[in-house]
There are 2 protein chains.
Amino acid sequence: MADNSQAKGGKSKKQLKKEAKEKEKAVKREEHRGAVNQNDGMQTQEDDCSIGQYGLVGLIQSTERPTQEYVHVRDLQSTLAGSIVWVRARLHTSRAKGKQCFAVLRQQESTVQVLAQVDENTSKQMVKFLSNISKESIVDIEGIVHAVERRIEACTQQDTELHVRQVFLVSAAKTKLPLQVEDAARRDDLPDAEGLTIRVNQDTRLDHRILDLRTPANQAIFRLEAGVCRLFRDLLTVQGFTEIHTPKIISAASEGGANVFTVSYFKGQAYLAQSPQLYKQMAIAADFDRVFTVGAVFRAEDSNTHRHLTEFVGLDLEMAFKWHYHEVLDVIGNTFTQLFEGLQEHFAAEIAAVGQQYPVDPFVFLSPPLKLTFRQGLDLLAEAGVHLDEEDDLSTPDEKLLGRLVKKKYNTDFYILDKFPLAVRPFYTMPDAHNQKWSNSYDMFMRGEEILSGAQRIHDPDMLTERAKHHNIDLIKIAAYIDSFRYGCPPHAGGGIGLERVVMLFLGLDNIRKTSMFPRDPKRLTP
Amino acid sequence: MADNSQAKGGKSKKQLKKEAKEKEKAVKREEHRGAVNQNDGMQTQEDDCSIGQYGLVGLIQSTERPTQEYVHVRDLQSTLAGSIVWVRARLHTSRAKGKQCFAVLRQQESTVQVLAQVDENTSKQMVKFLSNISKESIVDIEGIVHAVERRIEACTQQDTELHVRQVFLVSAAKTKLPLQVEDAARRDDLPDAEGLTIRVNQDTRLDHRILDLRTPANQAIFRLEAGVCRLFRDLLTVQGFTEIHTPKIISAASEGGANVFTVSYFKGQAYLAQSPQLYKQMAIAADFDRVFTVGAVFRAEDSNTHRHLTEFVGLDLEMAFKWHYHEVLDVIGNTFTQLFEGLQEHFAAEIAAVGQQYPVDPFVFLSPPLKLTFRQGLDLLAEAGVHLDEEDDLSTPDEKLLGRLVKKKYNTDFYILDKFPLAVRPFYTMPDAHNQKWSNSYDMFMRGEEILSGAQRIHDPDMLTERAKHHNIDLIKIAAYIDSFRYGCPPHAGGGIGLERVVMLFLGLDNIRKTSMFPRDPKRLTP
C-alpha cells in the first residue's frame, strides 16, 4: 500500500463532487483498505497538490448512497465536450510517457481514451497512481470531455477523450492475468508472418471465461443471444403461443435409451430430458393449443465436434393445426424470417462488433423463406455429382454442400427442407399419406447446417403403437406417452431449435463454444 | 363403426361449406376410418336426410389444406347471432332428450351450449351420432349462432348457443376416462353434507395431468404463469438487464454438498445446479452489468410439503451497483410492484377463472413496496407475543404470523424484510459495515411466504475467503469461485425467485403442485 493513496468513502466522494464544482482543492486523509501497486518514495503530503483527488475507494459495503450520476462510456460523445463527468469503467490499457499517462477505459463494448498529465492541479503522484493501476481494475474517473481533432481509431469513442481530474480505484485486478483481454479481442484472421501476435487459444479462453467474456465480440454475442430468445418468445406470443416449463428430470429416456444422462433420485434413478418432446405434446393434448418452451436440453453424446454440446438451450414449439402440418411449417418459417429481420434491425451494433473480430459475409435470407422438398434437395445434389438414395439421411458434408448449392441458386442462407424419408425420422413422425417412403417432417438450415428438426406427430394411439413396434421400441416404456393420445388430441406439429447453433450460424462463427456462455462438452465441465 | 357415418376430408369439407351457404343439402359418401360408439340399426341411406352432414373425419394426415375459417368458442357472442360458423372444440358434456341433444362444447377456458334437434334438415341418426360421441372427443361443428333470452349460467358464453347443422368427429376420446374434467373443475370449498359431490384428489389429478390441465382454472393458471415470466423478463430488459443461460450440469455443488442431485457424466460424476448463483455472479464479473436468467433449479431435498419441489423454475437476477445494495433492492421491489400491476391488468380473466374454482381474497400490495428491517419484523412479532432472538432465522409459522401482522397493519400481501442476521445467511453474503450481527441481505414475502431471497454478495476475494473459513467450507472446492473476484469485480447484489411460489401465492392457492405443470417431488417423477 502506498502512503500517498487516499481513501474515498461515499460521503467524502459526495463532498469531492461539490468541491470539484467549486473548483476547490480537496485536501484530506482517511483510512483506507485494499491494495495497489505503488512504487513511490516517501513524499510528504505537502508535495502533492492532488491530495484527495486520487486513491482507493475501499470495500464498498453499502454504508452510504450518494446520488452522483455516472455516464456510460458509450455516451461520451463530442456533444458533451466541456462537460465534467464521472465514469466507472475498467482500465483496459495504460501507458506512462514522461509527465503524461494515456490510458484506455473500457465499459462493456465501449472504449475511450483518457489522459492524465502533470500540471498545476495534477501532481506527478496522481499521474503515477493512475499509471500503476493494474489492467482490468475497475476505476472511478472524473474528467473533462474533450473533442479530439484526429479520430482515435483504437477506441469505440473516436471523437472524444477524457482529461482526468480525479481517479479512484474501486476494485483491483491481479497484476498477472491468465490472458490479456486485448489479445483475446484481437482479430484472428490476419496474416502474422513473424509470429509476433499473441493469440489466445480456445481452452485458455474457456478456462478463464470471465476474462474472455469481457471482449467486445463476446459482449455482443451474448447480447444478441438474449435477443434471439426475446424475439423467439415475442414473435410466438403475438401468434397465440403460451410459454410452458417442462421437467428436466424424467423417469424414462424421452428419445430412446442412448445418449441419456442418469441421475440419482433419492433411492432410485432418473434421467435428464433429451428434449421436451413428450411434454410439449402433452400440453397440446391438454388444450394449450400452441406452446413454446425455452430451457436446458441434455445429450450424453460423446461427440467432440464444433457443433455439439452435452447441454444446450432448446427453443421448442408445438402447435395444434386444423388440416395440414404446413400451417405449422409456415408459422415456424415466417417466425425465423421475422427473427432474422429483428436481429438485423435491433442488433446491428452487436453484429458489427462480432464482425470486427470474426469477419464474415452477412446472413442473407428470403421472405417468405425458401421451401424445398427433400427430393428437390437430392436433385440439386445429383446435379453436383452427389447421388444419394431417396431413403438415406443427409450426412453433415452433404448438408453443407447442399447449403452452398442452395445459396448459389437462391441466394439464401436459410431454407426449409420438407418431406424427409420416413425411415430416418423418429417413430412418432407422421408418415406421408400418399407415399409410404416419405414423412410429414422437415429440417431447417442456416449456412448449410441444421438448426431445427420437426414434424407432424402421430396423434392416433393405434398408429403410434404400430410405428413404435416397427422401430422395435419397448411399448411398456412408452405406454404413458401413447396413452396421452387416448383422450382426444388434435393434429399437431412442431420443432426444436438449438439456440447456440442459431447464434453461431447467424454470426458465421466456427464453433458452438463461442455461443455458449459456459459450454459443456464431454471434456469440459468447468467453469 | 356405424355404417351411416360419413368421412369428411378437407376437400369435401370445403365443398360442404359452399353448399351450406347455398342452403343445399350435401348428399354423398366417402370412405372413412376411425371409430365412434354408434348403436344405430341398419337404416338405409334413404331414411337419413342428413347424409354428409355428420360422421368421422378420419385421421388428419395433411392430405389437403382447406382455407375454411374456425371461430374460437370465446368469440361466440350475441353480436354474431344469425351467423353460420365452424367450431373445433371438445365435447364437454352431452345429454339426449327425446328428439334433441343438448351438449356443451369446451375450447380451452371457454364453453358454449349447443343444440341438435330432429327436423326437416336434421335426421334422428345425426342427433344420435352427436349424443353418442364420448366426452372429451374433439369435434368439428357447423352451427347457427342464436342469441338466448335466459342467460346460460353453466357456460362462459352466456348469451348465445349454437344450433347444429353439421357435426364431425375429429379425434375420439376413450369412453371411460380416469377422471371427469367436470369433476376436476368443480369448486371445492362448498359444503357437501350428503357427500354426493365427486371430488378429484390431487394424486389422481397429477397421474392424469393432461385431463386435469383441461379445467378452466388450470388453463388460466398456466397462462398467468407464462405472464409472470414474460413480465419479469420484459420489466428487467427495459431496465438494461441481459438474459443469460447458465449450466445445469456442474462439477461441484454450488450451494454446499447437501441436497444436491448427482449425475453420471461419461466416466465421471457431476451435479445438478441448486441455483445459478455462481454463474450469474461470474456474468457480473465479466461485465454484463445486469443479468437475469430463467431456468430449472434442482434441490434434492426430501421435503414433502405444500411448497417444496425437487425441480422448479428459478427467476434469478444479479446487478452491479455503484454504492449501496439498496440500488438493487429498489429495482427488485419496484419490478415486483409492476409485475403485480401487469398481472392484474392483463390477466384479469385468468385471475377470475382461478377464483371461480378456488375463491380467495385478491392480492393487495403497495407502490412503492413496504420495506421493513428484520429488527422491525421482530418487534411486530414481539408485540404479538412471539419473542425471537435477533440472530435467529424466522420459522415458517413465524413468517406466516408476520405476514398476517403486516397485512393487518399495512394492508399489503407483499413486503420486503431487509438486514437479516449474518449468521443465518450463506457465506458469500456481505456483512453490514456497522453491526457485525447484521448483513446486507433481504427476503421478500407474498401472503406471508418467502418468494425471494437475496443479498449484496462479497466481491472481495480476501473477505470471501475469511467468511468461507468461518463457515467451515472447503476452500479448495470453491477456489474457482473465489478466483473469479481477483480480476476486478464491481459491487453487486441480486436475488432468486421461485416461479411456482409466486404464482401460487399471487393466486392464493394452497399447493405448489397446482402451479407446476408436471411437478417433481421426492415421490413423484411422472408423468
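Residue numbering restarts at 1 for every chain, and letters A, B, ... go by the order of the sequence lines. Note: hydrogens, waters and symmetry copies are ignored here, and every other heavy atom, side chains too, is used.
We find that B/R486 and B/D483 are joined by a salt bridge, their nearest charged nitrogen and carboxylate oxygen being less than 4.0 Å apart. Ion pairing between B/R106 and B/E136 holds under the 4.0 Å rule for side-chain N and carboxylate O. The pair B/E69-A/K322 does not meet the salt-bridge criterion, since no charged nitrogen lies less than 4.0 angstrom from a carboxylate oxygen. Comment: B/D207 engages B/R524 in a salt bridge, judged by a side-chain N to carboxylate O separation of less than 4.0 angstrom. In summary, B/K267 and A/D302 do not engage in a salt bridge, as defined by a charged side-chain N under 4.0 Å from a carboxylate O.
For A/P491, the part lying near chain B is the side chain, with the backbone staying farther off; criterion is any non-hydrogen pair under 4.5 Å. For A/N440, the part lying near chain B is the side chain, with the backbone staying farther off; criterion is any non-hydrogen pair under 4.5 Å. Of the two parts of A/P461, neither the backbone nor the side chain holds a non-hydrogen atom closer than 4.5 Å to a non-hydrogen atom of chain B. Residue A/S516: no heavy atom, backbone or side chain, is found under 4.5 Å from chain B. The part of B/D432 that comes within reach of chain A is its backbone (N, CA, C, O), which places non-hydrogen atoms under 4.5 angstrom from that chain. Both the backbone and the side chain of B/V263 have a heavy atom closer than 4.5 Å to some heavy atom of chain A. Residue contact with chain A, scored on non-hydrogen atoms closer than 4.5 Å, involves the side chain of B/I244 exclusively.
The candidate from B/K248, B/Q61, B/R223, B/H434 with the greatest count of non-hydrogen atom pairs under 4.5 Å with chain A is B/Q61. With chain A as the partner, the residue from B/P178, B/A285, B/G268 showing the most heavy-atom pairs under 4.5 Å is B/A285. Of the listed residues (B/R233, B/H326, B/M430, B/E225), the one with the most heavy-atom contacts under 4.5 Å to chain A is B/R233. Per-residue counts of heavy-atom pairs under 4.5 Å with chain A were compared for B/F312, B/F321, B/Y265; the largest is that of B/Y265. The most heavy-atom pairs under 4.5 Å with chain B, out of A/F485, A/F222, A/Y279, come from A/Y279. Between chain B and the residues A/T237, A/T246, A/L91, the largest count of heavy-atom pairs under 4.5 Å involves A/T237. Between chain A and the options B/K135, B/Q219, B/Q269, B/Q107, the largest number of non-hydrogen pairs under 4.5 Å is found for B/Q219. The most heavy-atom pairs under 4.5 Å with chain B, out of A/G295, A/A480, A/A300, come from A/A300. Here B/A433 is the residue among B/A433, B/P519, B/C229 with the most heavy-atom pairs under 4.5 Å with chain A. In terms of heavy-atom pairs under 4.5 angstrom with chain B, the leader among A/V294, A/I249, A/V181 is A/I249. Each of A/S264, A/S171, A/P247, A/S484 has some count of heavy-atom pairs under 4.5 Å with chain B, and the biggest count is that of A/P247. Of the listed residues (A/I458, A/L211, A/T526), the greatest number of heavy-atom pairs within a distance under 4.5 Å of chain B belongs to A/L211.
Using a 3.5 Å distance cut-off with no hydrogens or angles, the side chains of A/R299 and A/T310 do not pair a donor with an acceptor. In this model, a donor atom of one side chain and an acceptor atom of the other lie less than 3.5 Å apart for A/Q281 and A/H492. Looking only at atom types and distance, the side chain of A/H324 has no donor-acceptor partner in the side chain of B/E64 under 3.5 Å away. Side-chain contact check for A/E500 and B/H245: no donor-acceptor pair (N or O, by modelled atom type) lies under 3.5 Å. Using modelled atom types, one finds no donor on one side chain facing an acceptor on the other under 3.5 Å when comparing A/D330 with A/Y325.
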**OP:** Begin from the C-alpha positions of B/V313 and B/V297 and carry the test side chain to side chain contact (heavy atoms under 4.5 Å, CB included) through to its verdict.
**Re:** CA-CA 6 Å; B/V313 178; B/V297 169; over 6 Å; no
Original post:
How far apart are the C-alpha atoms of A/R290 and A/L236, what are their side-chain angles, what is the distance that settles it, and do they pass the side chain to side chain contact (heavy atoms under 4.5 Å, CB included) test?
Top reply: CA-CA 9 Å; A/R290 298 174 168 208; A/L236 293 177; over 6 Å; no
